[in-house]
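Take a look at the following structure, please.
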Amino acid sequence: MEKKKLRVVCNMCGRELKTENGLLMEDAFEAAKEWGYFSKKDLELHKFTICEACYDRLIETFLIPVERQVKKEVM
């Protein structure tokens, strides 16, 4: 059985993120939004991935900063 190669690309800059043996080897922001009624995108599903550098550039443009919390342990 042939393994499918994982390919993850940043939607902002177009850079292919590093993968190894089917695993993403760098972190990225992944978002999915299922649009409901009362929008101009009724019943559409939008998904995108942004590399960490693009995420940092994007949140710098926010008028209200992102809420940040530091976790003490990983489960």
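Predicted, not measured: the structure shown is a model, and the values here were computed from it. The figures that follow rest on heavy atoms only: side chains count, while hydrogens, waters and symmetry mates do not.
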If I compare all heavy atoms of Lys18 with all of Glu26, which pair ends up nearest, and what's the gap?
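Taking Lys18 first and Glu26 second, the nearest heavy atoms are N-OE2, 2.8 Å.
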Do Leu63 and Val66 belong to the same hydrophobic cluster, where Ile, Leu, Val, Met, Phe, Trp and Tyr are linked whenever their side-chain heavy atoms lie under 4.5 Å apart, directly or via other members?
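Not linked; separate clusters.
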Could you tell me how the ring of Phe48 sits relative to the ring of Phe29: parallel (under 30°), tilted (30 to 60°) or perpendicular (over 60°)?
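Tilted: the ring planes of Phe48 and Phe29 meet at 30° to 60°.
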Could I get the full list of side-chain hydrogen bond (donor to acceptor under 3.5 Å, both in side chains) partners for Arg57, not counting sequence neighbours?
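Testing Arg57 for side-chain hydrogen bond (donor to acceptor under 3.5 Å, both in side chains), a comparison that skips the adjacent residues, returns none.
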Exercise: identify the closest heavy-atom pair between Trp35 and Lys41:
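Nearest heavy atoms, Trp35 then Lys41: CB-O, 3.1 Å.
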Kindly indicate whether the side chain of Leu58, heavy atoms from C-beta on, has any atom under 4.5 Å from the side chain of Glu60.
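The answer is no, as the side chains (C-beta and beyond) never meet within the 4.5 Å cut-off.
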Scan residues 65-75 for pairs that pass side-chain hydrogen bond (donor to acceptor under 3.5 Å, both in side chains), counting only residues two or more places apart or in two chains.
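Output for this query lists Glu67-Gln69.
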Got more than 12 heavy atoms from elsewhere within 6.0 Å of CG, Asp27?
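Open.
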Could you tell me whether Glu34 atom CD has more than 12 heavy atoms of other residues or ligands within 6.0 Å of it?
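It does not: Glu34 CD has 12 such atoms or fewer within range.
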Can you name the residues that form a side-chain hydrogen bond (donor to acceptor under 3.5 Å, both in side chains) with Glu20, not counting sequence neighbours?
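In terms of side-chain hydrogen bond (donor to acceptor under 3.5 Å, both in side chains), with neighbours along the sequence ignored, Glu20 is linked to no residue.
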Atom of Leu17, atom of Ala28 and distance for their closest heavy-atom approach
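The pair with the smallest heavy-atom distance is CD2-CB, 3.5 Å.
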Which pair of non-hydrogen atoms, one from Gly22 and one from Leu6, has the smallest distance, and what is that distance?
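Closest approach of Gly22 to Leu6, heavy atoms only: O-CD2, 3.4 Å.
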